[in-house]
Amino acid sequence: MKQILIISGKGGTGKTMLTASLASLAKNKVMVDCDVDAADLYILLKPKIIERFDFIGGKKATKDEKKCVKCGKCKQFCRFNSFDDNLRIDSTACEGCGFCKIVCPVDAIKMVDNISGQYFVSDTKYGDFVHAKLGIAEENSGKLVAKIRDVAKKIAIEKNADYIIIDGTPGIGCPVMASLAGIDLAVIITEPTVSGIHDMQRVIELIKHFKITAKVVINKFDLNLENCEKIKLLCSENNIETIGLIPFDSIVSKSIVNCMPLVEYSDGKISQEIKNIWNKINCKN
Amino acid sequence: MLPIFCINKILINDNNMNNYVISIASGKGGTGKTTVAVNFALSLNNVQFLDCDVEEPNANLFLNAAISKTIDALISVPKIDENLCNYCGKCQEVCQYKSLAIIPSSNNSKGIVLTFPHLCHSCGACVYICPKTAIEEVDKKIGEIEIGNRGDILFASGKLSIGEIMSPYLIKQVKKNINKSRNVIIDAPPGTSCPVIETVKHTDFCVLVTEPTPFGLNDLILAVDVLKKLKIPFGVVINRSDIWNNMINMYCNEENIPILMEIPFDMGIARLYSNGIPFVEKMPHYKQEFIRMFEQIKRILE
Ligand code: SF4
Ligand code: SF4
């Protein structure tokens with residue numbers, strides 16, 4: 001079983017569009033959307049949710065006002081400014097460290113499990129799909145990513161799947177690192193803009209750090225041919241194969257607006273190119 | 001005592017001094033957040049620009065501010081003096097982030113102390129709890145903060161080191177540079193999780209940039225929920241506003257969310273963007289649009 005992650009560094013370069021199309025092309029796979037704080041893949045895959053689970057990402061402090069003697073120790077020790085002047089807890093600031101509980105002389109503070117999101121196991125016409133929704137203004141997206149990848153892996157093993165296809169998140173931080181752990185191939189989708197190149201460079205560094213094999217797809221490549229060449233050069237310098245060039249075409253936004261994976265919406269040039277990309281990913285090695 | 005007219009004058013001056021901290025965010029990435037932030041900043045006077053998208057800071061590819069100093073961004077992590085430690089394991093017990101592991105000593109071997117500093121949230125609980133005062137806090141670099149200016153625009157930006165995950169802590173440090181004598185424009189990271197919350201928190205207003213696609217709308221709704229929870233006033237900029245129908249406008253009207261600006265799709269803007277050129281430089285009429293947007297935000301806040 002191979003785990004393939006679609007990733008980009010910069011947001012909005014076409015990650016979800018590509019993931020949905022690869023999901024439609026690949027046989028015998030499980031799909032995961034790791035973008036837990038702005039999940040979009042479900043819009044294209046139209047899942048039928050079979051099971052939903054609460055995700056407990058950590059703990060948060062709560063205070064028993066009846067016990068509290070207003071000594072202010074909790075506020076004094078909390079490094080996250082979670083206590084206001086009336087010693088009330090701002091739960092969006094609390095990091096669940098439990099320091100306040102330790103220092104409270106009258107045991108007024110309790111650490112309680114915090115449901116920081118939900119995750120879903122679904123059926124789609126493309127196969128099993130796992131995605132999540134981080135609660136509003138909640139943290140621990142990295143842990144939630146690790147959780148849903150774990151769930152997907154169990155399903156994949158159980159069903160003897162050949163692939164796990166994973167939609168990544170933008171950036172290089174905590175959810176991205178959780179998405180990268182144990183990946184067999186990272187497909188980086190970028191665009192020929194100065195920011196696309198800059199962000200891709202950071203992702204390449206991260207991927208090298210984790211010693212993961214990567215391949216690159218350049219989306220909207222004809223927007224700026226000069227930058228496109230720069231990307232190719234950067235890839236070859238880093239021993240990364242460029243496996244596809246997708247031209248700028250309004251058909252892409254049309255497919256999204258119609259909530260369909262591109263390869264199903266049209267079978268024009270771009271569809272053909274994505275099929276080639278899949279063949280290059282799918283080939284042995 | 002000052003004569004009445006003098007007090008009046010001071011009040012008026014005070015009003016002029018009334019600057020705002022405005023964050024530019026978007027649930028979905030790639031909707032044009034940085035573009036709006038940069039072009040907005042270039043259209044106003046007396047501006048400070050902060051790039052808080054510390055995982056992928058790229059505003060300066062467009063602003064080209066000259067960097068005058070680079071500061072290491074540090075957090076404190078525990079360092080255990082094994083000469084003092086008796087391997088009681090209290091620190092491991094108290095740490096909620098599994099950043100410390102203590103293997104107790106046995107008859108034939110000495111105990112082992114393991115620290116995983118990249119997991120540490122710098123809460124300080126381990127230092128407090130240690131009965132042997134064996135733990136001290138030491139600095140660990142998680143990234144850099146660049147400070148500079150482009151002409152009259154003051155600039156600061158954070159850059160997270162590769163392999164680090166504590167973006168919110170770096171964002172906090174970038175925000176320490178906020179200069180209230182300026183109008184502060186802050187470029188936020190994409191998404192709706194902790195780095196975004198850290199960025200938009202305590203800003204006076206948030207501009208949400210979106211695009212009219214099902215993805216754009218889906219992620220806009222998530223971002224709106226976050227801002228409502230944090231009680232931050234906000235408005236929406238619709239980028240590439242003509243690529244589909246008016247779904248965003250309808251949503252905003254229903255929810256009573258002000259639409260601050262609509263930017264139609266323009267291949268010229270896309271090309272300028274690809275080369276790192278802020279479009280107000282080539283299309284100065286947009287400056288008027290951004291100034292108008294600023295006036296609208298001020299009216300909302302008054
Ligand atoms: S648990 Fe930690 S972060 Fe939360 S309120 Fe208590 S001291 Fe502050
Ligand atoms: S430390 Fe305990 S008693 Fe003191 S103010 Fe905080 S909650 Fe109240």
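Just so it is clear: chains get the letters A, B, ... in the order the sequence lines come, proteins before strands, and each one is counted from 1. Excluded from the calculations below are hydrogen atoms, water molecules and symmetry mates; all remaining heavy atoms, backbone and side chain alike, are included. Everything numeric in this text was worked out from a predicted model, so none of it was measured.
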- If you count heavy-atom pairs under 4.5 Å with chain A, which of B/C95, B/G124, B/P168 comes out on top? B/G124

- Query: Measuring heavy-atom distances to chain A, does B/P57 have an atom under 4.5 Å in its side chain, in its backbone, in both, or in neither?
  - Reply: both

- Message: A quick test of your reading: do over 12 heavy atoms of other residues, nucleotides or ligands sit less than 6.0 Å from NZ of A/K133?
- Response: no

- Indicate the atoms forming the closest heavy-atom contact of A/L206 with B/G163, along with that distance. CD1-N, 3.8 Å

- Task: Tell me, out of B/G27, B/G29, B/G32, who's got the most heavy-atom pairs with chain A below 4.5 Å.
- Result: B/G29

- Which bit of B/M166 comes within less than 4.5 Å of chain A, counting heavy atoms only: side chain, backbone, both or neither? neither

- Which pair of non-hydrogen atoms, one from A/A137 and one from B/K229, has the smallest distance, and what is that distance? CB-CD, 4.1 Å

- Task: Spell out, as yes or no, whether a donor-acceptor pair under 3.5 Å connects the side chain of B/Y97 to the backbone of A/C97.
- Result: yes

- Query: In terms of heavy-atom pairs under 4.5 Å with chain B, which of A/V176, A/L180, A/L41, A/L44 leads?
  - Reply: A/L44

- Note on the structure: Note: A/S195 and B/F62 closest approach over all heavy atoms is OG-CZ, 3.8 Å

- Residue B/K141 excluded, over 12 heavy atoms near NZ under 6.0 Å: yes

- At what distance, to the nearest 0.5 angstrom, does NE2 of B/H118 lie from SG of A/C174? 10.5 Å

- Task: Taking all heavy atoms of B/E56 and all of A/V203, pick out the closest pair and write down the distance.
- Result: OE2-CG2, 3.8 Å

- Please flag which part of A/I256 lies under 4.5 Å from any non-hydrogen atom of chain B: side chain, backbone, both or neither. both

- chain A: which of B/V54, B/L160, B/I243 shares the most heavy-atom pairs with it under 4.5 Å? B/L160

- Side chain, backbone, both or neither: which part of B/K172 has a non-hydrogen atom closer than 4.5 Å to chain A? side chain

- Message: Using only atom types and a distance under 3.5 Å, with no angle test, would you say the side chain of B/T192 pairs donor to acceptor with the backbone of A/D37?
- Response: yes

- Do you know which of A/I197, A/N227, A/L134 has the most heavy-atom pairs with chain B at a distance under 4.5 angstrom? A/N227

- Task: Under 4.5 Å heavy-atom distance to chain B, tell me which part of A/K15 shows up: side chain, backbone, both or neither.
- Result: neither

- With no hydrogens and no angle check, is any side-chain donor or acceptor of A/R202 less than 3.5 Å from a backbone partner on B/E55? yes

- Item | Nearest-0.5 Å distance that lies between atom CZ in B/F215 and atom OG1 in A/T16 | 5.0 Å

- Heavy-atom neighbours of A/N238 CG exceed 12 at 6.0 Å: yes

- Query: Where do A/F99 and B/C123 come nearest, in terms of heavy atoms and distance?
  - Reply: CD1-O, 3.2 Å

- Considering only heavy atoms and a distance below 4.5 Å, find which of A/D90, A/V36, A/I102, A/N224 pairs most often with chain B. A/N224

- Give, as side chain, backbone, both or neither, the part of B/I221 having an atom under 4.5 angstrom from any heavy atom of chain A. neither

- Message: Out of B/D53, B/L61, B/V226, return the one with the most heavy atom pairs under 4.5 angstrom to chain A.
- Response: B/L61

- Task: Below 4.5 Å from any heavy atom of chain B, which atoms of A/T92 appear? Answer side chain, backbone, both or neither.
- Result: both

- Atom OG of B/S274 and atom CG of A/L223: how far apart are they, to the nearest 0.5 Å? 4.5 Å

- Side chain, backbone, both or neither: which part of B/L227 has a heavy atom under 4.5 Å from chain A? neither

- Task: Considering only heavy atoms and a distance below 4.5 Å, find which of A/H209, A/K220, A/K254, A/E205 pairs most often with chain B.
- Result: A/E205

- Item | Contact origin within B/K201 toward chain A - heavy atom pairs under 4.5 Å | side chain

- Task: Can you see which heavy atom on A/R79 is nearest to which on B/S76, and at what distance?
- Result: NH1-OG, 4.1 Å

- Message: Can you confirm whether B/K132 is buried at NZ, in the sense that more than 12 heavy atoms of other residues, nucleotides or ligands lie under 6.0 Å from that atom?
- Response: no

- Query: How far does CD1 of A/I204 sit from CD1 of B/I162, to the nearest 0.5 angstrom?
  - Reply: 10.5 Å

- Message: For A/D222, which atoms come within 4.5 Å of any heavy atom of chain B: side chain, backbone, both, or neither?
- Response: backbone

- Message: For the CG atom of B/D225 and the CD1 atom of A/I136, what is their distance to the nearest 0.5 Å?
- Response: 4.0 Å

- Message: At a 4.5 Å cut-off on heavy atoms, which part of A/A93 comes close to chain B: side chain, backbone, both, or neither?
- Response: both

- Task: Could you look at B/V94 and say if it's the side chain, the backbone, both or neither that has a heavy atom under 4.5 Å from chain A?
- Result: both

- Query: What distance separates B/T213 OG1 from A/N258 CG, expressed to the nearest 0.5 Å?
  - Reply: 12.0 Å

- Task: Using non-hydrogen atoms and a 4.5 Å limit, figure out which bit of B/L222 sits close to chain A: side chain, backbone, both or neither.
- Result: side chain

- Should we count CG of B/N245 as having more than 12 external heavy atoms under 6.0 Å? yes

- Electrostatic pair B/K28:A/D35 at N-O distance under 4.0 angstrom: no

- Message: Any side-chain to backbone donor/acceptor pair from A/D40 onto B/D219? Under 3.5 Å, distance only.
- Response: no

- Item | Working for side chain to side chain contact (heavy atoms under 4.5 Å, CB included), residues A/V194 and B/N275 | CA-CA 6 Å; A/V194 285; B/N275 283 315; 5.6 Å; no

- Item | Contacting moiety of B/P189, where chain A heavy atoms sit under 4.5 Å | neither

- Flag the one option from B/L230, B/I129, B/N218 with the top tally of heavy-atom pairs under 4.5 Å to chain A. B/N218

- Given that the side chain runs from C-beta out, which part of A/P170 has a heavy atom under 4.5 Å from chain B: side chain, backbone, both or neither? both

- Query: Could you walk me through whether A/E191 and B/Y273 pass the side chain to side chain contact (heavy atoms under 4.5 Å, CB included) check?
  - Reply: CA-CA 11 Å; A/E191 60 180 33; B/Y273 175 84; 3.8 Å; yes

- Message: Which label fits A/F248 and B/F265: parallel for a plane angle under 30°, tilted from 30 to 60°, or perpendicular past 60°?
- Response: parallel

